[in-house]
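The structure appears below as structure tokens.
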Amino acid sequence: MTIPVIRSLQGLSLEQADAYLAATEDELDAAYALAEDRNRLAGVEEEPDAAEVHHALFLLRRARGLEAPSYDSMRVELRSKPRMKAA
């Protein structure tokens with residue numbers, strides 16, 4: 001399954017959130033993939049930074065009715081992911 005490219009920067013539906021989660025290994029990978037797609041929609045070719053990944057993680061959790069993620073704990077998790085920057 002390929003990760004769906006979102007069509008809007010405005011929000012994320014439960015179905016889209018579930019698709020990102022199903023196509024990746026974990027929630028943080030799904031957030032990174034979503035942040036990449038959001039950058040593409042915005043015309044940005046750089047890889048997402050920690051703030052963009054955090055916002056994507058927030059959108060994933062909000063769509064699923066979950067609590068907002070902690071930025072600090074997410075940054076710790078980002079350090080364990082080789083392709084992601086924890087800056």
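Because only heavy atoms are used, hydrogens play no part in the values below, and waters and symmetry mates are left out as well, while side chains stay in.
Residues A30 and L21 share a closest heavy-atom pair of CB-CD2, 3.7 Å. The two atoms that bring A31 and L60 nearest to each other are N-CD1, 3.4 Å, heavy atoms only. Residues L28 and D26 approach most closely at N-OD1, 3.1 Å, considering heavy atoms. Here the shortest heavy-atom pairing between A63 and S13 reads CB-O, 3.8 Å.
Taking CG of D37 as the reference point, atom CG of L34 lies at 6.5 Å (rounded to 0.5 Å). Note: T24 OG1 to Y32 OH = 13.0 Å, rounded to the nearest 0.5 Å. A distance of 9.5 Å separates CG of N39 from CD of E47, quoted to the nearest 0.5 Å. To the nearest 0.5 Å, the span separating CG on D49 from NE2 on H55 amounts to 12.0 Å.
D18 has its side chain within reach of R64: a pair of non-hydrogen atoms, C-beta onward, lies under 4.5 Å apart. Side chains of R38 and L41 form no contact here, defined as non-hydrogen atoms less than 4.5 Å apart.
Residues that satisfy the ring pair (Phe, Tyr, Trp, His ring centres under 6.0 Å) test with H54, not counting sequence neighbours, are Y71. Partners of R61 according to the salt bridge (Lys or Arg N to Asp or Glu O under 4.0 Å) rule, which considers only residues two or more places apart in sequence or in another chain, are E27.
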